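Structure record follows, encoded as structure tokens.
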Amino acid sequence: MTKTDPLVSTEWLAAHLGDPKVKVVDASFKMPGVLPLPIDDYLAAHIPGAVFFDVDAISDHAIDLPHMFPDEAQFARDVGALGISSDDTVVLYDSGGWVAAPRAWWMFLSFGHANVKIVNGGLKKWRAEGRPVEAGKPAAPQPARFTATFDPSYVRSKAQLVANLDSRAEQTIDARAANRFEGSVAEPRPGLRSGHIPGSRNLPYNELIDAATGTMKPLDDLRAAFDKSGLDIDKPIVTTCGSGVSAAVLTLALYRLGVRGSALYDGSWSEWGMQNGPPVATGPA
């Protein structure tokens, strides 16, 4: 762990649990229809003092796409309501396997809050080590003042990705499973076409995680995985996935490798894969 590494250990968190300026946040997420719901998992067991960051709720509800970035005012209001101020260190974790904590981390960075970390191994490692958990709904946090200033360079729109089909100014890498990327199976969200953005590379996000411990793999392994995918980490990169959540696992891994200035395609396949949408490619990268 270094000052520039977004990850902190379970040991670090255990030592800082009582710090009033360290706000612990459960940012768990599951695909639609998967039960129990993340909020129910949170109510069953969470790290003491953790509040629940609902990726679906803290989003733009005016757009008919899943959990798109909200505007500055909503993000500031929703985060402040969790008792998080602009002066706090935000420490995020997943209760399942690495899906949404990196997404929430990227959102905090995008809205100008640099003091944000992720627990390496999340609740799985925390519990495996016999550390304490709480159950039930905690008392409502005292609302705090959080200021958000959005930097649009952190995300890409469909129009930007369409323009990139010709310019190829940015590489695109997809975090979905290989069979979804190749278009050999139906998408889990009904009505979407199968396949991938033409020219994109594929690196399923779970390949960056040690399944036994739930921790992110060492830097050399991350670098090797990106190399194998055909990505050049020294050139501009946009991450994508099914709905802009697991793509942030790739974003996090790139960040840990020293990459700055990458972007996330917020609409991802939920937008691109719509009927009558932009071109779709199938087969391997």
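Not measured: the values here are computed from a predicted model.
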Student check: side-chain heavy atoms of [X] and [Y] closer than 4.5 Å:
| X | Y | answer |
| --- | --- | --- |
| K23 | V51 | no |
| S28 | D41 | no |
| P70 | M107 | yes |
| I197 | L165 | yes |
| N206 | W98 | no |
| L203 | F226 | yes |
| L13 | V24 | yes |
| L257 | L219 | yes |

Check the orientation of [X] and [Y]. Use parallel for under 30°, tilted for 30 to 60°, and perpendicular for over 60°.
| X | Y | result |
| --- | --- | --- |
| W272 | Y265 | perpendicular |
| F69 | F111 | parallel |
| F75 | F108 | perpendicular |

Locate the shortest heavy-atom distance separating [X] from [Y]; write the atom from each residue and the value.
| X | Y | value |
| --- | --- | --- |
| A45 | R127 | CB-NH1, 3.4 Å |
| Q171 | G230 | OE1-O, 4.4 Å |
| A27 | A104 | CB-CB, 3.9 Å |
| S59 | V55 | CB-O, 3.8 Å |
| T10 | K125 | OG1-NZ, 3.3 Å |
| P132 | P48 | O-CD, 3.2 Å |

Can you get from [X] to [Y] by hopping between Ile, Leu, Val, Met, Phe, Trp and Tyr side chains that sit under 4.5 Å apart?
| X | Y | value |
| --- | --- | --- |
| L35 | M31 | no |
| L43 | L123 | no |
| I233 | L264 | yes |
| L254 | L161 | no |
| Y154 | V238 | no |

As an exercise, state the distance from [atom1] of [X] to [atom2] of [Y], rounded to the nearest 0.5 Å.
| X | Y | atom1 | atom2 | value |
| --- | --- | --- | --- | --- |
| I237 | T251 | CD1 | OG1 | 9.0 Å |
| E207 | D221 | CD | CG | 12.0 Å |
| F53 | L92 | CZ | CG | 7.5 Å |
| I173 | H196 | CD1 | NE2 | 12.0 Å |
| S194 | E182 | OG | CD | 11.5 Å |
| D174 | C241 | CG | SG | 7.0 Å |

N/O donor-acceptor pair under 3.5 Å between [X] side chain and [Y] backbone:
| X | Y | result |
| --- | --- | --- |
| N164 | E170 | yes |
| Y93 | A50 | no |
| Y42 | S95 | no |
| R193 | M274 | yes |
| K30 | P36 | yes |
| D88 | S85 | yes |
| K117 | D5 | yes |
| D94 | A100 | yes |
| Q275 | G191 | yes |
| S86 | T147 | yes |

- Query: Is R176 close enough and on-axis enough to W269, meaning under 6.0 Å and within 45°, for cation-pi?
  - Reply: yes

- Task: Mind running side chain to side chain contact (heavy atoms under 4.5 Å, CB included) on L7 and T215 for me, showing each step along the way?
- Result: CA-CA 10 Å; L7 298 188; T215 57; over 6 Å; no

- Take H46 and F52 through the ring-ring contact (aromatic ring centres under 6.0 Å, His included) test and state the conclusion after the steps. CA-CA 9 Å; H46 54 265; F52 184 70; 9.5 Å; no

Verify the neighbour count for atom [atom1] of [X]: are there more than 12 heavy atoms of other residues, nucleotides or ligands below 6.0 Å?
| X | atom1 | result |
| --- | --- | --- |
| D64 | CG | no |
| R260 | CZ | yes |
| K235 | NZ | no |

- Contacts of R189 that satisfy salt bridge (charged side-chain N to carboxylate O under 4.0 Å, His left out) - sequence neighbours left out: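 For R189, no residue satisfies salt bridge (charged side-chain N to carboxylate O under 4.0 Å, His left out) once neighbours in sequence are set aside.
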
- Task: With side chain to side chain contact (heavy atoms under 4.5 Å, CB included) as the test, would you mind laying out the steps for L250 and L208 before giving the verdict?
- Result: CA-CA 8 Å; L250 305 190; L208 303 179; 3.5 Å; yes

- Task: Any chance you could lay out the side chain to side chain contact (heavy atoms under 4.5 Å, CB included) test for R256 and L222, step after step, and finish with the verdict?
- Result: CA-CA 9 Å; R256 297 191 68 221; L222 301 182; 3.9 Å; yes

- Message: Quick test of your reading of the model: are D266 and K158 salt-bridged, counting only N-O distances below 4.0 Å?
- Response: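 No, this pair does not count.
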
- Residues S268, T240; criterion side-chain hydrogen bond (donor to acceptor under 3.5 Å, both in side chains); working and verdict: CA-CA 5 Å; S268 282; T240 184; 3.2 Å; yes

- Message: Please determine whether side chain to side chain contact (heavy atoms under 4.5 Å, CB included) holds for the pair D71 and D60, giving the CA-CA distance in whole Å, both sets of side-chain angles, and the decisive distance to 0.1 Å.
- Response: CA-CA 7 Å; D71 61 21; D60 187 345; over 6 Å; no

- Between N115 and T89, does a side-chain hydrogen bond (donor to acceptor under 3.5 Å, both in side chains) hold up when you go through it step by step? CA-CA 5 Å; N115 200 4; T89 297; 2.8 Å; yes

